[in-house]
Structures are given as structure tokens and as C-alpha cells.
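Accompanying notes for the structure given below.
Hydrogens, waters and symmetry mates are skipped; everything else that's a heavy atom, side chains included, is used. These numbers were taken from a predicted model, which means no experiment stands behind them.
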Amino acid sequence: MTAVSCSYISIGGNRNPAAADWSPSGLLAFGAGRCISLWNPLDPEYRGVFSTLKGHTDRVNVVRFLPGQSLEKDIIISGSVDQSLRIWRRLENSDSFSLCSVVEGVHKASVNAIATCPRLPSVFASASADGIVAIFSLSSLSEGTLDVKLLQMFSTAPKFYPLAVALSALPSSSSSSSPALVLAVSGSASSVSIYLASSPSSQFSHQATLSGHENWIRCLTFTPEDHSKPESDLILASASQDKYIRLWRIHPGEELPAAAAVGESKTFGLSNRLSNKAHKLRAEGDKVWSVTFEALLMGHEDWIFTAVWRPQTADESGLRLLSTSADNSLSVWAPEESSGIWLTTSRLGEISDHKGASTATGSAGGLWMGLWSPDGKAVVALGKTGSWRLWKHNSQDDRWVQSVGIGGHVKEVMGCSWGKAGGYLLSTGLDQTTRLSAEWIRKNESRSSWHEFSRPQIHGYDINCIASLGGNKFVSGADEKLLRVFDEPKTIAGLLESLCSIKELSKESMPDAANVPVLGLSNKAVDDSTVLPLPNGSAPEEVDDENEVSEAPAQSTTSIIENLNHPPLEDHLARHTLWPEREKLYGHGYEISALSCSPDGKLIATACKASSIDHAVIRLFETETWREIKPPLKSHSLTVHGMAFSPDGSRLLSVGRDRAWTVFEKRGAGWEVLDMKEKGHTRVIWDGKWAPVEDVFATASRDKSVKLWQREDSGWVSKATLKFEAPITALDFLGEVIDGKCWLAIGLEDGGLYVYCVKVGDWPNMELFVKLDDRITPDKSVTQITWRPTEGQLGKKEMAVSSEDFSVRVYSISIA
């Protein structure tokens, strides 16, 4: 069996406040596109995302772990825009999950929220954008199967549409297996609706409406005041777009809790302005509970998306609440011991003029989600860029220290390209960013892991293609109809050399760094004397910066990056890792569709979207003078989707929407058509690549076939055809011949990946070398495949794959 492993998955999290959960086993699951990504934030190996679960057919909105499971038997419930719920069970002695059950037909719109009950894991609730709230029970939890039974459905429409639900057992003097349940539902209204069921098998009925908020409510969460006592009061936190969090107390019995009885509220200076009306909840058997307002938490400056209670562990007593907001901050709240007033004990993140959701200057985007670690000693937050930030609590200094998180693209990744020497990987896509990933090598520990080390381009247009030029440069093409060329700055070269052992010979001639001027669109080079504000926030791990959000001294970009002894944090990536722009290449009249660079880095071939022969031209640019070689190359009549230079750079293959392929050859100072096949395939040709031997290339088409072409006296002739179940969207030949064979990687529209091999000269007989396991392949169309340049190295070969499922993946394959 051929050894294939996935050494890197880069994928950004979905911007939905409910789309992640952190299991007691240490596993964090989050929605990423229509996949569920799995990550262990506290992994000492810094492995990052190690697996993606495929099953949903649209964006994942909500992910929840079922409470009360043993650590090896995690169960995930997920809800999606595809209107379904899916339940996943962890396989024994494995990091993998299997899909156990699918719930369809209950919800008729996007599923927005799922609530589980810690004391009663077999019951959960879900809510969707059409106003439907559904209650389910799970059976056979201990066996191999999972049966899902619908217990009840009711609608909150047209009063409001639910965005958050919370479920809990009500406090009682006994710890019976069938306690009364309380369900809180809220969303596009400024009130919280409370429902009660006298037992898990009975129906929920509406009991109370808690008013006080002044805008939509985005999050609800219950916690017992004391986990060790079943009769302990319940505390409900509601987080709203009105910038406030309200706490509500649910108390058993006719008598009101002491504070409510005397009309107190644990909010500084606002007691007279807050209503403290007691709401009664009644169940069968004359059981009564009261709901009273407890406290108002003020401090955020923008919408609050999540509020999460800290897990109550044996070594940590007392309530703690974590909140994340569009104001870019993450706050930890706790009641003051003497007065009981709720105050912020820690504030992490950034203090910024750029607010996120409710203001026009939403460039920063805010923090969409926050989660506690199972032991309550670490927190994570997800931001607009799809990146997770991680803070660990240092108990000796009583401060939060920022550690290495993860990130990735948050929209379709359209292209990837290895640096000419294969040291790093560039990727770009429709989230309008270009990202550089490399392997962090810990020299003393013989360990390594992949991370994002730079964000060279943050753009205003969707970026469609990218190519490394060598000489520490790359070029990208976007919807703005022009191409931009970027130079690597000295700061990034130094960082890659110290952490990734990637040495650059021409470091002295590089610019120091780059930034984007106010009202500018181009990254401008800056020298070492340019001082930029250090991103506020708690200090990175092992770097002695100012703590939390106190004012930090201004530092130059160079010193910030040079002092790092770990991969850059999101603060650094978003501000200090841009590459300066060297050149713009004009000429095309429509959005750039394809891009290729010659092996020696001296020529760039580009094409744009086209519906006529005049626009479907290929333009060639010299990289020494950045001038276009006239005239442009004419052959295709519709959009050119793929181009590739031959290994010696003397020929250029192009394929396109008109189902044709063309081979151009360099003749003197110009290029001419050497051969053309008008109907190379029966459908659009997405990609074409040269083999590492002379006069052989392969083409990939929507007609579900790959064809291998060899040159004969009459021109290129099809020597082999491979048929597949789905359209072929990308392919690439390994850049060297091994054991007399050529190796061809093929990517499909459904995310499937194959590697074929063929003996040189025996072209009709292509053999399947390996089909990659579906559990490690992308979930949507493969947009580009590129083998890592490592000529002369035997054994494992690596290939990078970009996909429309928002991911970039690096696979290691044993070939020899």
C-alpha cells in the first residue's frame, strides 16, 4: 500500500458565532465552508487542522459536541445552510469521525443554532431561519448506532426568527434522570422566550418573555451557579447587538432569591433604571421556579456575538464568562467577591478605531466567536480573516499570553504555487488575499509543522491566479484586469531563514518591509526607520511585549518580525507581513483568468476572460524590463483557462473554454503557433501540463477525461485516455523522471485525487499508482495541483492542492 499522508491543511473558519465547539477531549471542531475541521489547539506539536469531515452540501453554521461522552467517544452535531442536521461519532482509537445519522425534512431553512443539555445528553434542540425550533432525543448512545427521534416542533415566526437557543435541566432537590427542562430561544427580537417541559418526554410550553435588550440577541448560554449541587440556581447569559450582556437567575421555589426580593441588581449605578420583575415558571406537579434579572454587563463598544461560561473544574471555582465582540476585543467577566458586581477581569484582542459589524469602517471585522478550553486555562477567538487566535493563562503572573493559532482562506482558493526552490508555498483566492505557508523547523527538537508565515497581498479584488517568478518575486492576476508583481521583503526573508531554514542569497538588495498608504491600493516599500504601531493585545508566547491592551510602544515592522521565535500571530500577519509591489502589468480588457511563468523566470504568459478571439489572446511579458512582447498570441476564441511552459521554456501550451489546445513555439524574437487541436476534448479543457520529457503533455477536461499527447511527424497525437466519474479540473506532472517513469497527479471536480504513472515511451499504458483516501481529499473542486520542486531527492514527494472548499493541502507521497 502506497504511503500517503496529509501534512498540512490550511482552511479558515466560518464567520458564524455558533460554528465551533471545544470538546473535553481537547478537540476543537469548527465549520470551514461546508466541511467540519478538527484541530487540537493545545497540541505541543502545533499540528494545526489535521482532518476535515465531509457530508454537508452547503456552509456549516453550527457545531456542537454532545456533553457527557467519554473522551474517546466524542459525538458532534452539526447544522448547515443545507437545512440538515448531521451527527458524527468518533471512531475508536482514532482521530477520525464517521457520519452516523442525517436529519432532513424537519427544517425548511438554514439551521442557525443547536443546544445540548449537560445533565441530559440524550436531548438536544435545533432552530432554523424559518422560525422552527425542534426538540430531539438520541438513543443507543453507548452502542454503535445512533437513533434520532423528533419529540416536538414549534415556530417562533412571525414574532421573531431564532438565532440562539439554550437548553438545561432546571434546578431541583433530586438528581433524577428525568428532570424538568428549560429552553431559552432568541434571535431577531430584543427579548428572550422561555419554554418549560416538566420532563424530557413531555412537551415544551411558553412560560415567560424576558425583556430588556434593545437589539437582536446573538447568544444564549446556561450554567449552574454550583455544578456540584443539582438544586443550585441556574444563570442564563444573553448577549446582544445592543453591546450589552444580561444575566438572569432561575431559582427553585415560590420564594424569590435574596437579591431579587429586596430589589437589588448587581450592576453598578443602574439599579433604579432596570426592571427586576420576577417571572414564574410552572410545571406539572406544582413545581415552581422564578426568573429574575441578575446583572447587566457593560464594556463592549460594538455588537456582542458570543458569551460562553467557563467549564467549572475542580481547581477553579467561581463563575467566569467569556464574551467576543465586533469591537475586536475578547473579555473575561467575573463577579467581585465583596459586592457581587460583575466586572471585566481581562480584556484581550485589540483596541482599534476600526470597528467591525455595525459601523461603516468594518475593515477590522471584529471577533466572531470565543471558546474556553476544557480546563478553563486557555481561550480561542475567531476573527474576520478566518484565523483562530489562542491565549493561554499564565497562573504565575496571572496574565494571558498569546500563542500560535491557525488560519486559512475563507473563500475559494483559486491557485497555489511553490517558490522556485520549493521552500515555501503561495496560495491565493476569492477572499482577496495571498498567503505564504512554510514548514517551521525546530532545530533542537527535530520536529516540524506547517504555518502561515506571511500575507503578501491583501487586495480589493478577487484574485484568480498566482505564479512564483524566482528571485524572491511572484505575480498575481485578479478581477481588476491587471497583474501585480511583488518583491519579498528583508523581514520575511529573515524570518523564513531563522525558522524554516530557507536561505536567500540576495537578502541585502531586498526592501525592508511594506505597507499600504492611506487611500492607496498598492503595497509600498518602507525602510527600517518607518515606525508603525505595534498591534495591541496580549504578548506573544515567549516575547516580552506589553500585557493585554495597555499602550505598547511603537516599533518598526522590521524589529517586530525579526524578534519572533515562532510563526507570526494573526496580529503580525494582518499588518506587518505585506510584500512591496514592484510592477503592474497592463493590457487585458477583462478579468485575468490564467497565468504561467517560464522555468527560468524570464517570461510571464497571461490570459483573461473572453468571448471573442480579440480578447482571448495570450500576452507575454519580459521580467527584466516588464515590457510586453508584441504582438499577443492569437489562437483561442474563448477564455484561456490554463497555460504551461515546456521544461526548456521553448514552447507554451494553452487550453481553454473553446475545447481547443494550442502549442506555441519561440521563433527568433517572437512566438508562433506550432500546432493546434480545435476539438481536443468534447467539453471545456480546464488544464494542461508538460511531462518532464520532450514533446509530451496531458490535458484535463470537463468531459471527465484526461488525454496524453505525444508529438509525431504530423503533430501531436492522443496516445492515452483516462476516464473518470467526474470532470477533471486540474493536473500536474512531477518535474522529474523516477525509475524511468513519469508521474501525473489528477484532481477532480468532486475533490477526488489520483496519481498515475507511465513508463517513458510506453505512453498508452498509464497505470493507477494511488487513489487518495476520500477522508483526506478536498470537499469541492480542485483548482490547482503543483508538485514541490525537490529534484534529486528520493523517497517522499510532496504536492500542494488548492480547492474551492477554501482549503490548501500539502500531501506527502512515497514514490520510490
Legend entry - Gap between atom OG of Ser10 and atom CG of Leu425 - 0.5 Å precision: 9.0 Å
Legend entry - Pairwise side-chain contact, Asn40 with Leu28, heavy-atom cut-off 4.5 Å (strictly under): no
Legend entry - Test: Asp375 and Lys377 ion pair at under 4.0 Å: no
Legend entry - Any side-chain donor near an acceptor of the partner, Ser427 and His409, under 3.5 Å: yes
Legend entry - Under-4.0 Å salt bridge between Lys54 and Asp774: no
Inset, instruction - Count the heavy atoms belonging to other residues, nucleotides or ligands that lie under 6.0 Å from CD of Glu104, then report whether that count exceeds 12. - result: yes
Legend entry - Whether Trp372 side chain and Val308 backbone form a donor-acceptor pair below 3.5 Å: yes
Legend entry - Side-chain heavy atoms of Phe97 within contact of Arg89, under 4.5 Å: no
Inset, instruction - I would like to know whether Thr52 and Leu38 meet side-chain contact (heavy atoms from CB on, under 4.5 Å); could you show each step before the answer? - result: CA-CA 6 Å; Thr52 54; Leu38 304 178; over 6 Å; no
Legend entry - Any donor-acceptor pair under 3.5 Å from Ser186 side chain to Val192 backbone: no
Inset, instruction - For Trp388 and Val380, indicate whether the former's side chain and the latter's backbone hold a donor-acceptor pair under 3.5 Å. - result: no
Legend entry - Distance-only side-chain donor-acceptor flag, Arg389 / Ser387, under 3.5 Å: no
Inset, instruction - Decide side chain to side chain donor-acceptor pair (under 3.5 Å) for Trp248 and Ser238; before the verdict, give the C-alpha distance in whole Å, the side-chain angles of both, and the deciding distance to 0.1 Å. - result: CA-CA 8 Å; Trp248 314 83; Ser238 57; 3.1 Å; yes
Inset, instruction - Return the minimal non-hydrogen interatomic distance between Ala125 and Ile135, and the atom names on each side. - result: CB-CD1, 3.8 Å
Legend entry - Leu138 vs Leu66 side-chain heavy atoms within contact, under 4.5 Å: yes
Legend entry - Pair Ser205-Gln207, side-chain donor/acceptor within less than 3.5 Å: yes
Inset, instruction - Please answer whether the main-chain N or O of His56 pairs with a side-chain N or O of Asp82 as donor and acceptor at a distance below 3.5 Å. - result: no
Inset, instruction - Drop me the distance from Arg310's CZ to Ser373's OG, to the nearest 0.5 angstrom. - result: 9.5 Å
Inset, instruction - State whether the side chain of Ser323 and the backbone N or O of Ala307 hold a donor-acceptor pair below 3.5 Å, judged by distance alone. - result: no
Inset, instruction - Please tell me if the side chains of Leu330 and Val379 come closer than 4.5 Å, counting only heavy atoms from C-beta onward. - result: yes
Inset, instruction - Answer yes or no on whether Lys771 is positioned over the face of Tyr754, meaning its NZ or CZ is under 6.0 Å from the six-membered ring centre and within 45° of the axis. - result: yes
Inset, instruction - Could you check Glu570 against Thr385 for side chain to side chain donor-acceptor pair (under 3.5 Å), going step by step and ending with a plain yes or no? - result: CA-CA 9 Å; Glu570 179 59 24; Thr385 56; 2.8 Å; yes
Legend entry - Separation of Asp130 CG from Asn112 CG (nearest 0.5 Å): 9.0 Å
Inset, instruction - Any chance you could lay out the side-chain contact (heavy atoms from CB on, under 4.5 Å) test for Val782 and Leu748, step after step, and finish with the verdict? - result: CA-CA 6 Å; Val782 175; Leu748 274 57; 6.0 Å; no
Inset, instruction - Might you work through the side-chain contact (heavy atoms from CB on, under 4.5 Å) test for Leu170 and Leu196, ending with a clear yes or no? - result: CA-CA 9 Å; Leu170 279 161; Leu196 188 144; 3.4 Å; yes
Inset, instruction - Answer yes or no: is there a donor N or O on one side and an acceptor on the other, between the side chain of Asn61 and the main chain of Val111, under 3.5 Å? - result: yes
Legend entry - Salt-bridge criterion met for Arg683 and Asp703 (N-O under 4.0 Å): no
Inset, instruction - May I ask you to test the Phe30-Val60 pair for a side-chain heavy-atom distance under 4.5 Å? - result: no
Inset, instruction - Verify whether one side chain among Ser25 and Asp74 offers a donor that lies under 3.5 Å from an acceptor in the other. - result: yes
Legend entry - Centroid-centroid under 6.0 Å between Phe124 and Phe136 rings: yes
Legend entry - Check: Gly55 main-chain N/O paired with Arg86 side-chain donor or acceptor under 3.5 Å: yes
Legend entry - More than 12 heavy atoms of other groups within 6.0 Å of Lys723 NZ: yes
Inset, instruction - Over all heavy atoms of both residues, which pair between Val185 and Val133 is shortest? Give the atoms and the distance, please. - result: CG1-CG2, 4.1 Å
Inset, instruction - Could you tell me whether the side chain of Ser84 and the main chain of Val103 form a donor-acceptor pair under 3.5 Å? - result: no
Inset, instruction - Nearest 0.5 Å please: distance from the SG atom of Cys6 over to the CZ atom of Arg775. - result: 12.5 Å
Legend entry - Side chain proximity check, Ile746 to Leu744, heavy atoms < 4.5 angstrom: yes
Legend entry - Gap between atom OH of Tyr195 and atom CG of Leu181 - 0.5 Å precision: 15.0 Å
Legend entry - Distance (rounded to the nearest 0.5 Å) between Ser96 OG and Asp773 CG: 8.5 Å
Legend entry - Ser137 side chain vs Ser122 backbone, donor-acceptor pair below 3.5 Å: no
Inset, instruction - Answer with yes or no whether the side chains of Thr209 and Ser193 bring together a donor and an acceptor at under 3.5 Å. - result: no
Legend entry - Over 12 non-hydrogen atoms of neighbours within 6.0 angstrom of CH2 in Trp216: no
Legend entry - Close side-chain approach of Ile245 and Leu321, heavy atoms under 4.5 Å: yes
Inset, instruction - Please lay out, stage by stage, how Phe65 and Ile75 fare under the test side-chain contact (heavy atoms from CB on, under 4.5 Å). - result: CA-CA 6 Å; Phe65 281 100; Ile75 293 174; over 6 Å; no
Inset, instruction - Using atom types as modelled and distance alone, determine if a side-chain donor or acceptor of Ser803 lies under 3.5 Å from a backbone N or O of Ser807. - result: no
Legend entry - Sub-4.5 Å side-chain heavy-atom contact between Leu731 and Val706: yes
Inset, instruction - Answer yes if the side chains of Ser78 and Trp88 hold a donor-acceptor pair under 3.5 Å, and no otherwise. - result: yes
Legend entry - Aromatic ring proximity, centroids under 6.0 angstrom, Tyr8 and Trp450: yes
Legend entry - Donor-acceptor side-chain pairing of His213 and Ser190 below 3.5 angstrom: no
